[in-house]
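To start, the structure under review is shown below, and the notes come after it.
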Amino acid sequence: MVFEFPRETNFKNLEENVQSYWEKINLLKKVQEKNSKGEKFYFLDGPPYASGSIHLGTAWNKTIKDAVLRYLTMLGYNVTRIPGWDCHGLPIEVKVEKILGIKSKKEIEEIGIEKFVEECKKFALKHVEIMTNQFKRLGILMDWDNPYMTLSDDYISSAFWTIKKAYEKGLLEKKLRTITTCPRCETVLAEAEVEYKDVYDPSIFVMFPSKDEKDTYYLVWTTTPWTLIGNVAIAAHPDYTYVKVKTERGNLILAKERLKVLEEIKLKYEIVDEFKGRELEGKRYEHPLKDYINVKLRSEKAYTIVLAEFVTLEEGTGLVHVAPGHGPEDFELGIKYGLDIICPVDERGIFKDEAGKYKGLRARFDDKIIIEDLKRLGLLLYATRIRHRYGHCWRCDTPIIYRATEQWFINVTKIKDKMLKEIGKAEWIPEWAGFSRFKEWVENAKDWTISRQRYWGIPLPIWICEKCGNLLVIGSKKELEELSGRSIKELHRPYIDEIKLRCNKCNGTMHRVKDVLDVWFDSGIAAWASLSYPEKRKPFEELFPAKLIIEGHDQTRGWFYSQLVCGVISFDTIPYRKVLMHGFVLDEKGQKMSKRLGNVVTPEEVIEKYSADTLRFYLLWANKTWEDLKFRWQDVKEIYDSLRILWNVCYFAALYMRLDNFNPKEHGFDFNEFKFKKEFKYKLEDLWILSRLNSLIKTYRENFEKLHLFNVARELHKFIVEDLSRWYITLIRPRTWIEEESEEKLSAYATLYEIISKLSILLAPIVPHIAEEIHTRFVKPFKDIESVHLERMIEHDESRINKELEDEMRIVREIIEASYSARDKRKIKRRWPLKEIIIETKDSFVEKACKDLKEIILKQGNFFDIKIVRKFGDIRFSLNEKLIGITFKKKAKRILQELKSRKITKEDIEKGIRLEIDGETIIIDERFFNIEKVLERDFEYEPFSKGFVIIDTRIDENLLSIAFAREIVRRIQYMRKELDLNVEDYIRAAIETRNEKLINLIKKHIDYISRETRAREIVIDKKVEHKKYIKDWDINGELFKISIEKI
RNA sequence: GGGCCCGUGGCGUAGCCUGGUAGCGCGACCGGCUGAUAACCGGUAGGUCGAGGGUUCAAAUCCCUCCGGGCCCA
């Protein structure tokens, strides 16, 4: 395999082969054994949700993780590589309901909780397997056989422990609260589970009859007619001005500023009274539906006007209908005034007995029946529809309703200050992720409703005595087994529901609270639950807290937060110490990818078309990690192309190294340090690329430390494409063609070898498959090592960095490019040699660069001579009026007037013209002039940043003869290629042309032509005896007949 | 409605922290190479840096307002 490098390769096949090789040698095990004594690095994988398959976002997430972990591994850290899976919760329940063809909790109970839960488990495990394979195909090196899963008993036991901790600290509470409920899922939802979207809802103005005054009504606006049944009061703002107006519908009371609602419906009115809101307090009214409903209120304040600050004048009437059972603000107000908290709706959203005639109807859906009744009673002033934002269930998309229910909470308010302090203990990348965004979210955090009335989740470990109400929180599976005296199949419903405990106070029977935990709680405890703490202590003691987590910015409200809460509950600390936050993958227009828009691109598609390494490199390279990534196929292609360039570079190097039997070992290459022990006779371009390489290693490592992976990828990309392929390889090509042993050739090989072997290591975290392949062909034949991923990360060698040389080369490249441009203007091909290049510059560094790298300029520019001068030819100039305008804005006009009135000379421009404008001195120097060179016809020029490049375009006989010789060489080589000759084959050649002068010219270079084309014999004449393979050629209008044959 | 981020040639981006005549890649067009070759290289055109205002001798960069996109929240 020594320097065997296929010209063509299919990255996809390559990756599959490399992956089976990793399996074969058990790379994961080798990696872990190698670093088993290294410093421990606790990386915590945020568990993806085990449903569906991976998308570009998850691919990006795991790619970042994998790159970082592979890098840390190569530094010698003993890195944890446990992948996680989030397996519980409503999303899976909803999908399983669909599979089973059922729609409600009632149907679940009918088929049995056990069957349902088993289906959920099956579903989760199936998707764990599917996604595992997808991640493996991406080349993510993790311990896929030993993941942590939130559904395991171990994990659940840790959750019990955490809940018990919360209980012991007085943070676990059961409270009556009005919160969001999904009537389809029949469970409460946390704020985080509600998604807002625009919908159309009724908008009605209802007249609430006053009990104090006849034919007088309080005008109330609502968009949720169904909540009227639960109405217990009306709220007014104490400071606003209210009016009583006389209308054909009776006397109406509303806020003065909201009279426009009457104008909008063209109801004529006359103000008969005006007063402050506070004067309304305690006024009584009748429930508009009093005859239909069956609500009995006990509060003294029932059906009266109360005062509230939250009343606004932005919409509605300034009078707000209060239903404490159907709105969080109403609930707070209800507590404040001691109002009745009634909730005539059950968790399915169906009205209960209290709703009287409405019993059995559905909240929201049957709004129109209520509206009809109001209309019939003459209490509906006006009804229309509006479009507004309304909350929906995150999983089933059903509009949510607010209900007052008793739920279990974590009292986050109590620990908020501690949490805010703890944010600062973690390092956030970027900084604003923690200190602006996350902090904002934590500051606004409310108590966390952790109970859910569902089946597939971690059961609440709370038992309550049916007799005395005594409460017991269980802290582990073991504890539960000990207390119940029986072994438990598993810690899921329904098995755990069967466990009854004996009350230690009254000897009554204790039953488990039927709820399960909010699924966000599951992942919140990952930092210790994934290590099975407190069941096992050692891993936890060695590792906790996590050194690093890496997740998307949507996790601000999710995992970053749930971990903070759970960490503070359990250990009084934030359970992670560094956070790298990444963005979202959007389509190329910046729109979210969604099935609805049909713009979804899957990782499989990209791998299929280009390969996993291409995708990985692209994802890391495309933009700053924390910004959203706009996915563009064209950019993926660009990355693919540059990986091919890398491949070609290696192919090129391997080809010649193999032909020349180059062996790095024989030349003293140190395979630990990855460099040659001896110095070769390096040429300047070798020293230059070695300097660039070491600069690259330096920035590579600096950026990896900062986790700025985008800079790592970009620097690598630039080095490979710009420096190595486009410049270095171009420069050394002639050296590789030298036939005999030579120092020049050897030093080029040595340089290339060092670069490619080191690159294989640098590339390993980013494109692990290709890196492995290159390493296999360049390093493994000489070194006893099984994988590039078992190598140690290389360090840069400061003594090899030569900034001055790098700067010189930059200038020289600029000059050569300018000379190409000058050639282009006269349509002179690059193959045609020119006599002289003249560099006009006043910069001494440029002068030095041109002298040092003279050879490169001559060779690459194809010149015979170089001249460096301070001044060449004449100039013509004109004022750059646009620039003066941009620069001096308002003063520009006067400056231009002044300049135009003068006679400006070349000397003026060189020195700079001083102008006095408004007592201010302005210097107009050469920057403000458009300068053109005035040269003799034989010269052409092109400016560069530090001067001008001038070329002498005259072609004399000598140049002409060389040019033609080169043209002939090119043609013969083309023909060699057509005959499919090997690089080392020899030939005989014959050339025929009518032009006698040309024959003589070309004859001068017959040696050169033979050498370049490996021709043992060449004849050239007006008439020759041709060889086997003949071809006609037109070279600059001259006709040639050339023939060759292999010897 | 609020918080955070983003808005630079047709497209994707660098520069913004630490103000000083706007860089790169892709694409387009023109050309070259033919011993890395279904690759590779060069050149050219294209931008009032989302809009408006302010600070400053000087603003893509600092400040304010607005508009558009994303995430999160209400």
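Convention: sequence-line order gives letters A, B, ...; per-chain numbering from 1.
Minimum atom distance to the side chain of A/Trp441 is reached by B/rC72, of the listed B/rC72, B/rA14, B/rA36. Candidate nucleotides B/rA36, B/rU13, B/rC71 were compared by shortest atom distance to the side chain of A/Asn623, and B/rU13 ranks first. For A/Glu638, taking side-chain heavy atoms from C-beta onward, the closest of the listed nucleotides B/rA39, B/rC72, B/rG25 is B/rG25. In the set B/rA36, B/rU13, B/rG70, the nucleotide with an atom closest to the side chain of A/Asn648 is B/rA36.
Residues passing the salt bridge (Lys or Arg N to Asp or Glu O under 4.0 Å) test with A/Lys439: none are found, sequence neighbours excluded. Evaluation of the salt bridge (Lys or Arg N to Asp or Glu O under 4.0 Å) rule for A/Asp554 yields no partner, not counting sequence neighbours. The salt bridge (Lys or Arg N to Asp or Glu O under 4.0 Å) check on A/Lys706 picks up nothing, with sequence neighbours excluded. Looking at residues two or more places apart in sequence or on another chain, you find a side-chain contact (heavy atoms from CB on, under 4.5 Å) between A/Asp641 and A/Lys637. Every residue two or more places apart in sequence or in another chain was checked for a side chain to side chain donor-acceptor pair (under 3.5 Å) with A/Thr178, and none qualifies. Take A/Glu814 and apply the salt bridge (Lys or Arg N to Asp or Glu O under 4.0 Å) test, not counting sequence neighbours, and it matches no residue. Scanning for side chain to side chain donor-acceptor pair (under 3.5 Å) contacts around A/Lys859 gives an empty result, with sequence neighbours left out. Taking A/Thr953 as the reference, A/Arg826, A/Ile828, A/Asp938, A/Glu940, A/Ile951 meet the side-chain contact (heavy atoms from CB on, under 4.5 Å) condition, with sequence neighbours excluded. The side chain to side chain donor-acceptor pair (under 3.5 Å) test applied to A/Tyr1008 returns no partner, not counting sequence neighbours.
Across all strands shown, A/Lys439 has no heavy atoms under 4.0 Å from either base or sugar-phosphate atoms. Nucleic acid contact for A/Arg976: none, since no nucleic acid atom lies under 4.0 Å from a heavy atom of the residue. Using a 4.0 Å heavy-atom criterion, one finds that A/Leu655 contacts no nucleic acid atom at all.
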Would A/Phe631 and A/Trp60 satisfy ring pair (Phe, Tyr, Trp, His ring centres under 6.0 Å), going step by step from the backbone distance to the final call? CA-CA 11 Å; A/Phe631 182 88; A/Trp60 191 15; over 10 Å; no

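Each of A/Lys624 and A/Leu659 lies near RNA chain B, and the nucleotide nearest A/Lys624 is the one positioned closer to the 5' end. Toward the 5′ end of RNA chain B lies the nearest nucleotide of A/Leu629, the other residue of the pair A/Tyr974 and A/Leu629 mapping further downstream.
Rounded to an integer number of Å, the gap from A/Met657 CE to B/rA36 C1' is 14 Å. Residue A/Arg1011 contributes atom CZ, which lies 15 Å from atom C1' of B/rG35 at whole-angstrom precision. Between the CG atom of A/Asn703 and the C1' atom of B/rA14 there is a distance of 14 Å, rounded to whole Å. If you take NZ of A/Lys718 and C1' of B/rA14, they are 10 Å apart, rounded to a whole angstrom. At whole-Å resolution of the value, CD1 in A/Ile639 and P in B/rU13 are 13 Å apart. For the pair A/Lys446 NZ and B/rC72 C1', the interatomic distance rounds to 13 Å; values are reported in whole Å. Distance, A/Arg644 CZ to B/rA36 P: 15 Å, rounded to whole Å. Taking atom OH of A/Tyr651 as the reference point, atom P of B/rG35 lies 12 Å away to the nearest angstrom.
For the pair A/His582 (side chain) and A/Thr625 (backbone), a donor-acceptor distance under 3.5 Å is absent.
B/rG25 and B/rC62 have their P atoms separated by 26 Å, with the value rounded to a whole Å. B/rU61 and B/rC16 are spaced 4 Å apart, taking the C1' atom of each and rounding to whole Å. A distance of about 15 Å separates the C1' atoms of B/rG68 and B/rU8, rounded to the whole Å. Taking atom C1' on both nucleotides, B/rU44 is separated from B/rG52 by 35 Å, rounded to a whole Å. B/rU48 and B/rA74 have their P atoms separated by 42 Å, with the value rounded to a whole Å. Rounded to a whole angstrom, the distance from the P atom of B/rG7 to that of B/rG15 is 10 Å. Rounded to whole Å, the separation between the C1' atoms of B/rG54 and B/rG19 comes to 15 Å. B/rC71 and B/rG32 are spaced 49 Å apart, taking the P atom of each and rounding to whole Å.
Between the side chains of A/Asp447 and A/Thr413, at least one donor N or O lies within less than 3.5 Å of an accepting N or O. There is a side-chain donor-acceptor pair under 3.5 Å between A/Asp660 and A/Tyr749.
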Under 3.5 Å, which N/O atoms of the protein pair with N/O atoms of nucleotides 41-46 of chain B?
| from | atom 1 | to | atom 2 | distance (Å) |
| --- | --- | --- | --- | --- |
| B/rC41 | OP1 | A/Arg726 | NE | 2.3 |
| B/rG43 | O3' | A/Ser821 | OG | 3.4 |
| B/rG43 | O2' | A/Asp824 | OD2 | 3.4 |

Give me, pair by pair, the N or O atoms of the protein and of nucleotides 2-10 of chain B that are less than 3.5 Å apart, along with how far apart they are.
| from | atom 1 | to | atom 2 | distance (Å) |
| --- | --- | --- | --- | --- |
| B/rC4 | O2 | A/Arg437 | NH1 | 3.3 |

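Residue A/Arg733 places at least one side-chain N or O closer than 4.0 Å to OP1 or OP2 of B/rA36.
When every heavy atom of A/Arg813 is checked against every heavy atom of A/Arg726, the shortest pair comes out as NH2-CB, 4.3 Å.
Paired regions of RNA chain B, where each region holds three or more successive Watson-Crick or G-U pairs whose two hydrogen-bonding distances fall under 3.5 Å, are B:1-7 with B:67-73, B:10-13 with B:23-26, B:28-32 with B:40-44, B:50-54 with B:62-66.
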